[in-house]
Amino acid sequence: MEKSNVLLINPSLLEVYEDAKVKGAVPHYPPLNLLTIAGSLLKEDHKVSLLDYDLIGMKDQHEVLKKKLEEIKPDIVGFTFGSPTYSQCKKMAAVVKQFDPNILIIAGGSHPSSDPQGVLKESDIDIVICGEGDFAIIDIVNTEDYHKVLGIGFKDHKNKGEIIITPKRPFIQNLDELPMPAFEIVNVHDYYVPPSFCRESPAMTVETSRGCVWGCTYCTKAVFGRNFRYKSPQRVVDEFKRMIEFGYKEIHITDDMFTTNKERVKDICRLMKEQNLKVIWACPNGIRADRTDEELIQLMYDAGCYRVSFGVESGNQQVLNNIDKQQTPDQVRAAFKACNKVGMETHAYLILGLPGETEETMQQTIEFAKEIKPTIAKFDILIPLPSTPLYHSWKGKYFHTEDWDNFNYHSAKDLYTHPNLSWEIMEKYYNKAFRSFYFRPNYMVKRFFTSLKNGTLMVDLKLAMETKWF
């Protein structure tokens, strides 16, 4: 069968982060999801190119795309996007079809997986991958009968463009079967992760597992599902070695829930030590407080991990129960105490405006953030993402709009009426949370001396000046 010429496109997140409070701490990594897809395509000898708008920005976006299309003349164009970048990709899909209507456009990611019917109906995209795309993309490029491909939605052009959603594709159970991500299609030095977010540069993300077995009502499971599958410790270490060979000096684990199986993580750490793997790493995605212990934190620290992030969400037990978090404030206290004892840096992720929230519970969350003493606290206003239980329970009742550009955690807009709170009150506590946490004299003094010790004083001062406190 003739091999395909595929152009993969990563939309720009610059607009998504434009109004973020901590805009100066936004990392720009190579797009691991597309490198993973590229790895599958290259293994089958297809030709793959990448156009990453995170490197280019928003200026002359369509002209850049036209030049790229003219340069490589692809048979297939693939997009990945979440809800906030959907409109950007819709416009680019129209440019692709204007250039050549015969180019097949495929989309994957959290938003296409959540709303395949809507994406196919509203855009020039021909095929949507619902869930994991590693092997679905190979099935698509190797067939002309898309009815036989599991886990996709497509426009049946032989039947007046009828939208067909095929049966669900089984999740990949053995992630060791996946090809290595195609690190070779990017230049490691093109990307910038700010010093406030990493210690060594260049830094890159890695995926060691997929899925989360917990059912937090605000969290989407559209791509990897409510399950847990993982790479073996040796495969993880091999992938780390591969990244080091390409020049990466720091690795960030982006799993949905890295410590689901604590013993596996301990085995990874022991193996890293045994094989004398010299690399520092961190866990910027939130892990669960109830899936850590002091032994685990110590082993991670000894193996080169210097920072972990926790999904704290709220300091109020009833609010946690309302979102089915299955976590207690005491478990969070214990996890942060263990990290602080070992010397591990911590990030706390907290959400304001959760179901059942009041001014009192939001203030409680702010005070709880101070109590547990994270290195960094990141507050957000709740955004119920499509396909989540919370989104479905609020749909038709509380939303003012379904303009997907507004479904942005980093720049929350007045897109719903909270059952208990006005948007103005949530924004008031959102702004208050940052000022109240970071402007404490004891925090500022501790941060100053820590920055001085780590040699990051000027970086931290610059970040503080760039942060939107009001």
Heavy-atom closest pair, residues [X] and [Y]:
X	Y	value
Met204	Pro30	SD-CD, 3.5 Å
Ile163	Lys121	CD1-N, 3.8 Å
Arg199	Glu250	N-OE1, 2.8 Å
Pro31	Asp52	CD-OD2, 3.3 Å

Is [Y] close to [X] at the side-chain level, that is, under 4.5 Å between some pair of heavy atoms?
X	Y	answer
Asn322	Gln318	yes
Ile251	Phe240	yes
Ile106	Asp126	no
Tyr391	Tyr218	no
Leu51	Leu7	yes
Val119	Lys90	no
His252	Phe197	yes
Glu63	Lys68	no

[X], [atom1] atom: more than 12 neighbouring heavy atoms under 6.0 Å:
X	atom1	result
Lys262	NZ	yes
Lys91	NZ	no
Phe228	CZ	yes
Phe81	CZ	yes

Pair Leu65-Val96, side-chain contact (heavy atoms from CB on, under 4.5 Å): steps then yes or no: CA-CA 8 Å; Leu65 177 55; Val96 172; 4.0 Å; yes
So, [X] versus [Y]: side-chain donor-acceptor pair below 3.5 Å or not?
X	Y	value
Asp324	Thr217	no
Tyr53	Gln88	no
Asp176	Ser232	yes
Asn420	Thr358	no
Thr259	Arg264	no
Ser387	Thr220	yes
Gln327	Asp290	no
Asp115	Tyr86	no
Lys370	Ser436	yes

Between [X] and [Y], does any side-chain N to carboxylate O distance fall below 4.0 Å?
X	Y	result
Asp134	Arg210	yes
Lys249	Glu200	no
Asp293	Lys266	yes
Glu424	Lys428	no
Asp330	Arg333	yes
Glu132	Arg169	no

Check against side-chain contact (heavy atoms from CB on, under 4.5 Å), Trp394 and Leu382: CA-CA 12 Å; Trp394 283 17; Leu382 170 70; 3.9 Å; yes
Is the centre of the [X] ring less than 6.0 Å from the centre of the [Y] ring?
X	Y	value
Tyr306	Trp281	no
Tyr192	His28	no
Phe171	Phe224	no
Tyr416	His400	no

Derivation and outcome, side chain to side chain donor-acceptor pair (under 3.5 Å), residues Asp54 and Tyr29: CA-CA 9 Å; Asp54 260 352; Tyr29 303 104; over 6 Å; no
As an exercise, state the distance from [atom1] of [X] to [atom2] of [Y], rounded to the nearest 0.5 Å.
X	Y	atom1	atom2	result
Leu350	Met362	CG	CE	13.0 Å
Cys212	Arg288	SG	CZ	7.0 Å
Ile287	Met300	CD1	CE	5.0 Å
Arg291	Gln331	CZ	CD	10.0 Å
Phe258	Ser309	CZ	OG	12.5 Å
Thr36	Leu178	OG1	CG	7.5 Å

Verdict with supporting geometry, Glu239 and Lys231, salt bridge (charged side-chain N to carboxylate O under 4.0 Å, His left out): CA-CA 10 Å; Glu239 206 153 324; Lys231 295 173 182 175; 3.1 Å; yes
Test side-chain contact (heavy atoms from CB on, under 4.5 Å) applied to Cys339 and Phe310, step by step: CA-CA 11 Å; Cys339 290; Phe310 290 95; 3.8 Å; yes
Step-by-step side chain to side chain donor-acceptor pair (under 3.5 Å) determination, Asp255 to Thr208: CA-CA 6 Å; Asp255 298 12; Thr208 83; 2.5 Å; yes
Under the side-chain contact (heavy atoms from CB on, under 4.5 Å) test, residues paired with Gln363 that sit two or more places apart: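 side-chain contact (heavy atoms from CB on, under 4.5 Å) check on Gln363 returns Ile366, Glu367, Tyr429, Lys432.
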Non-neighbouring partners of Ala38 that pass side-chain contact (heavy atoms from CB on, under 4.5 Å), sequence neighbours left out: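 Leu8, Val48, Ala182, Ile185.
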Phe336/Val332 under side-chain contact (heavy atoms from CB on, under 4.5 Å): CA gap, chis, key distance, verdict: CA-CA 6 Å; Phe336 277 82; Val332 173; 3.7 Å; yes
Verdict with supporting geometry, Asp302 and Gln298, side chain to side chain donor-acceptor pair (under 3.5 Å): CA-CA 6 Å; Asp302 291 343; Gln298 186 68 62; 3.0 Å; yes
Check against ring pair (Phe, Tyr, Trp, His ring centres under 6.0 Å), Tyr430 and Phe379: CA-CA 7 Å; Tyr430 175 59; Phe379 299 90; 8.0 Å; no
